[in-house]
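Every chain is numbered from 1 and lettered A, B, ... according to where its sequence line falls, protein lines coming before strand lines.
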Number of protein chains: 2
Amino acid sequence: MSSARQTRQREVIVQVLQGAEGPLSAPELLARAQATLPGLGTATVYRTLKLMQEEGQAHAVHLDGEPMYESSGRGHHHHFSCNSCGKVFSLHSCPVALPNGTVYPGGFVVEGHEVTLYGRCPACAASAVPASQPVLT
Amino acid sequence: MSSARQTRQREVIVQVLQGAEGPLSAPELLARAQATLPGLGTATVYRTLKLMQEEGQAHAVHLDGEPMYESSGRGHHHHFSCNSCGKVFSLHSCPVALPNGTVYPGGFVVEGHEVTLYGRCPACAASAVPASQPVLT
DNA sequence: CTATTTGCAAACCCTTTGCGCTGGT
DNA sequence: ACCAGCGCAAAGGGTTTGCAAATAG
């Protein structure tokens with residue numbers, strides 16, 4: 001039982017993830033970490049991410065189909081994805097009243113849930129752009 | 001403004017999607033459609049899927065990070081993904097009380113939401129298998 | 001007949017894996 | 001010294017794109 005060695009790359013990856021304002025995709029995380037550790041390899045990020053998840057230090061959320069990661073310990077929360085600017089925000093109140101263990105109608109035992117709200121963030125809602133059609137040419 | 005020609009492949013794709021019991025991934029959809037139309041190409045499926053989404057005939061949901069598609073017009077619902085057998089079920093009651101247009105604390109204007117519950121489906125909950133490790137060989 | 005649509009194959013992500021070398025402990 | 005961990009590069013899986021041939025209107 002010796003695993004989990006302390007290496008510079010893990011240190012940096014953890015720091016970047018903890019310092020992020022929201023969830024990061026693996027490539028984003030890689031890019032940010034490379035700012036500090038230029039030689040960092042892709043595989044290391046994925047391996048470390050997997051490790052952190054197994055240890056419960058981080059967990060994945062799926063936003064718009066893309067897996068993103070955030071460090072644990074920010075409490076239960078969900079995300080809001082802006083349809084206009086694409087930014088992702090964390091919501092600190094949970095619109096779902098489903099404690100794990102709840103049995104949902106039909107006999108489904110709930111062990112977790114993921115909620116994502118889509119819409120317009122305060123900034124985009126303010127800039128009175130009423131249309132919601134993506135701009136096509 | 002002439003688009004949307006009626007072709008055999010689109011006809012089949014639409015039929016498969018509408019006849020599906022739940023959301024399908026693109027590869028699954030492709031496979032099922034090929035049963036009827038052996039020569040069908042991958043690209044056609046993706047192109048048709050994109051087209052259908054633009055026309056509102058279909059929409060994508062993200063389950064466990066995988067994009068899946070379902071035909072519209074089945075009403076608002078969400079999904080339950082079984083941690084044990086991996087099957088996906090449709091839930092007909094919505095655990096979120098957030099009509100579109102709602103303004104969420106902080107000024108977030110909600111235009112849509114996606115909810116996925118994870119846990120054990122009735123069948124798996126019944127077969128008293130407490131472990132959750134996927135079976136590997 | 002003309003513009004759209006198709007199938008094929010190549011191109012593109014993103015993620016995982018194999019492998020020899022580096023570096024914790 | 002030993003072995004976990006690293007970087008590189010190749011492999012893998014899903015999705016997108018370029019292009020010539022096929023086809024709907």
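Proximity of A/Thr7 to the phosphate of D/dC6: a side-chain N or O atom is located under 4.0 Å from OP1 or OP2. One finds a side-chain N or O of B/Gln9 lying less than 4.0 angstrom from the OP1 or OP2 phosphate oxygen of C/dG7.
Between the P atom of C/dT22 and the CG atom of A/Leu40 lies a distance of 18 Å, rounded to the nearest Å. The interatomic distance linking A/Leu51 (CG) with C/dG24 (P) rounds to 17 Å, in whole Å. To the nearest angstrom, P of D/dG14 lies 14 Å from CG of B/Leu29. For the pair A/Met52 CE and D/dG5 P, the interatomic distance rounds to 14 Å; values are reported in whole Å. Protein atom CD of B/Gln34 is 14 Å distant from nucleotide atom P of C/dT6, rounded to whole Å. Atom P of nucleotide D/dA4 and atom NZ of A/Lys50 are separated by 17 Å, given to the nearest angstrom. Between the P atom of C/dT16 and the CG atom of A/Leu49 lies a distance of 9 Å, rounded to the nearest Å.
A donor atom on one side chain and an acceptor atom on the other are not found under 3.5 Å apart for A/Glu114 and B/His62.
If you find the closest nucleotide of DNA chain D to B/Gln6 and to A/Ala43, the one lying nearer the 5' end belongs to A/Ala43. Mapping B/Leu37 and A/Glu66 onto DNA chain C by nearest heavy atom places B/Leu37 closer to the 5' end of the strand. Taking the nucleotide of DNA chain C with the nearest heavy atom to each of A/Thr42 and A/Arg47, the more 5' of the two is matched to A/Thr42.
For A/Arg10 against C/dG24, a side-chain-to-base donor-acceptor contact under 3.5 Å is absent.
Set against D/dA24, C/dG24, C/dT17, the side chain of A/Arg5 has C/dG24 as its closest nucleotide.
In this pair, B/Phe80 and A/Phe108 present their aromatic rings tilted. The plane angle is within the 30 to 60° band. Under the 30°/60° scheme for interplanar angles, the aromatic rings of A/His113 and A/His76 are found to stand perpendicular.
Note on B/Arg5 versus B/Glu11: no salt bridge recorded, every NZ/NE/NH1/NH2 to OD/OE distance being 4.0 Å or above. A salt bridge does not link A/Glu55 with A/Arg10: every distance from a Lys NZ or Arg NE/NH1/NH2 to an Asp or Glu carboxylate oxygen is 4.0 Å or more.
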